[in-house]
**Student:** 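Have a look at this one before I ask anything.
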Amino acid sequence: MENPGHVDSFSKWRRYAPTYARLESQEIDRLYRALIELSEPVALGREQAFERVLPYGFVILNRAENFSSLYLAARLFRHAGDEISSLFRPFADVGYQRALELLIDQQAEATPEIYAFLRDARSRYE
C-alpha cells in the first residue's frame, strides 16, 4: 500500500489464484478434522500455509456457496491469525459473516456442525 508500484499486485494475483490454489481432497479433509472437528492436531507450517493453504482460503471466501467451506475458511484464517500473523484475523471475520449469512438465507436445518459453528461464533463475538 505504501509503494505505488504494487497497487494492483493483489488484483493480478486474484486472476491466477483459482488455478494455483488447489488442495487434494485428503488435505481438505485433514484440515476439516483439525480445525472444525478438533479431532487431530493442526499440522500447518508457515511455509505450507503461505504457499498452499491460505491462497486456497482466499478462493473459498470469494467463491464458496456452501456453509462447510465458509466455516472451514473462517477457522483456517482464525488459526493463521493466531499462529502466523494477526493480519489474517479480518479474513476470519469475513468467513464467519458469510457463513452466517448463508445459514440465514438458506434457512438450513440444524445439524451438529451448525451448532458447533454457532457456539464458536458466539464465543468469538458477543
Side-chain angles (χ1 to χ4, degrees):
M1 291 174 70
E2 292 176 10
N3 186 339
H6 298 292
V7 170
D8 59 324
S9 295
F10 178 75
S11 296
K12 291 176 184 175
W13 179 81
R14 188 174 11 179
R15 281 187 297 217
Y16 301 106
T19 57
Y20 171 76
R22 299 215 174 159
L23 294 179
E24 298 294 325
S25 61
Q26 291 174 335
E27 191 169 1
I28 294 168
D29 291 343
R30 185 188 60 75
L31 284 170
Y32 190 87
R33 286 191 306 274
L35 295 169
I36 304 290
E37 295 174 352
L38 306 174
S39 62
E40 60 182 68
V42 180
L44 183 60
R46 189 177 186 90
E47 186 174 322
Q48 179 193 18
F50 278 117
E51 287 184 7
R52 295 180 46 111
V53 178
L54 293 174
Y56 176 78
F58 283 118
V59 172
I60 291 174
L61 283 182
N62 289 318
R63 294 196 171 181
E65 294 300 327
N66 68 63
F67 167 77
S68 296
S69 294
L70 288 169
Y71 186 27
L72 178 59
R75 292 291 301 196
L76 174 64
F77 283 111
R78 183 175 176 183
H79 176 75
D82 293 343
E83 302 297 324
I84 296 171
S85 170
S86 62
L87 295 173
F88 291 111
R89 287 189 185 130
F91 297 105
D93 297 341
V94 171
Y96 280 102
Q97 181 179 350
R98 289 211 51 224
L100 187 57
E101 288 170 354
L102 191 70
L103 286 177
I104 292 168
D105 289 345
Q106 293 181 349
Q107 298 180 0
E109 290 194 29
T111 64
E113 181 185 32
I114 290 173
Y115 282 123
F117 166 75
L118 293 174
R119 278 193 308 272
D120 183 25
R122 187 163 186 216
S123 72
R124 185 165 169 81
Y125 308 101
E126 282 300 316

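In what follows, residues are counted from 1 in the order of the sequence shown. Atom set for the values below is all heavy atoms of this structure, side chains included, hydrogens, waters and symmetry mates excluded.
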**Student:** So, taking the atom named OG in Ser86 and the one named CZ in Phe88, what distance separates them when rounded to the nearest 0.5 Å?
**Tutor:** 9.5 Å
**Student:** For the CG atom of Leu103 and the CD1 atom of Ile114, what is their distance to the nearest 0.5 Å?
**Tutor:** 5.0 Å
**Student:** Between Phe77 and Phe58, how do the two ring planes meet: parallel, tilted or perpendicular, split at 30° and 60°?
**Tutor:** tilted
**Student:** For residues Tyr96 and Arg75, determine if any side-chain heavy atom of one lies less than 4.5 Å from a side-chain heavy atom of the other.
**Tutor:** yes
**Student:** Test your reading of the model: is there a side-chain donor-acceptor pair from Arg89 to the backbone of Gly81, 3.5 Å cut-off?
**Tutor:** yes
**Student:** For residues Ala34 and Pro41, report the shortest heavy-atom separation together with the two atoms involved.
**Tutor:** CB-O, 3.8 Å
**Student:** Let's go through Phe67 and Glu113 carefully: what are the C-alpha distance in whole Å and the side-chain angles of both, what is the deciding distance for side-chain contact (heavy atoms from CB on, under 4.5 Å) to 0.1 Å, and is it a yes or a no?
**Tutor:** CA-CA 9 Å; Phe67 167 77; Glu113 181 185 32; 3.6 Å; yes
**Student:** Indicate yes or no: at least one non-hydrogen side-chain atom of Phe91 is less than 4.5 angstrom from one of Leu54.
**Tutor:** no
**Student:** Closest approach of Ala92 and Ala74, non-hydrogen atoms and distance?
**Tutor:** CB-O, 3.5 Å
**Student:** Between atom CD1 of Ile60 and atom CD1 of Ile28, what is the distance when rounded to the nearest 0.5 Å?
**Tutor:** 6.5 Å
**Student:** To the nearest 0.5 Å, what is the distance between CG on Leu31 and CD1 on Ile36?
**Tutor:** 9.5 Å
**Student:** Applying salt bridge (charged side-chain N to carboxylate O under 4.0 Å, His left out), can you list everything that pairs with Asp29, at least two apart in sequence or on another chain?
**Tutor:** none
**Student:** With a sphere of 6.0 Å drawn around OH of Tyr125, does it hold more than 12 non-hydrogen atoms of other residues, nucleotides or ligands?
**Tutor:** yes
**Student:** What distance do Leu76 atom CG and Tyr56 atom OH have between them, rounded to the nearest 0.5 Å?
**Tutor:** 9.5 Å
**Student:** Might you point out which heavy atoms bring Tyr71 and Asp120 nearest each other, and give the distance in Å?
**Tutor:** OH-OD2, 3.3 Å
**Student:** If you measure from CG on Leu70 to CG on Leu100, what distance do you get to the nearest 0.5 Å?
**Tutor:** 11.0 Å
**Student:** Using salt bridge (charged side-chain N to carboxylate O under 4.0 Å, His left out) as the criterion, point out the one residue from Arg124, Arg78, Arg98 that pairs with Asp93.
**Tutor:** Arg124
**Student:** Run the numbers on His79 and Ile84 for side-chain contact (heavy atoms from CB on, under 4.5 Å), then give the verdict.
**Tutor:** CA-CA 8 Å; His79 176 75; Ile84 296 171; 5.6 Å; no
**Student:** I'd like to know if Tyr115 and Phe117 are part of one continuous hydrophobic network [Ile/Leu/Val/Met/Phe/Trp/Tyr, side-chain heavy atoms within less than 4.5 Å].
**Tutor:** no
**Student:** Answer yes if Leu38 and Leu118 sit in the same cluster of Ile, Leu, Val, Met, Phe, Trp and Tyr residues linked by side chain heavy atoms under 4.5 Å apart, and no otherwise.
**Tutor:** no
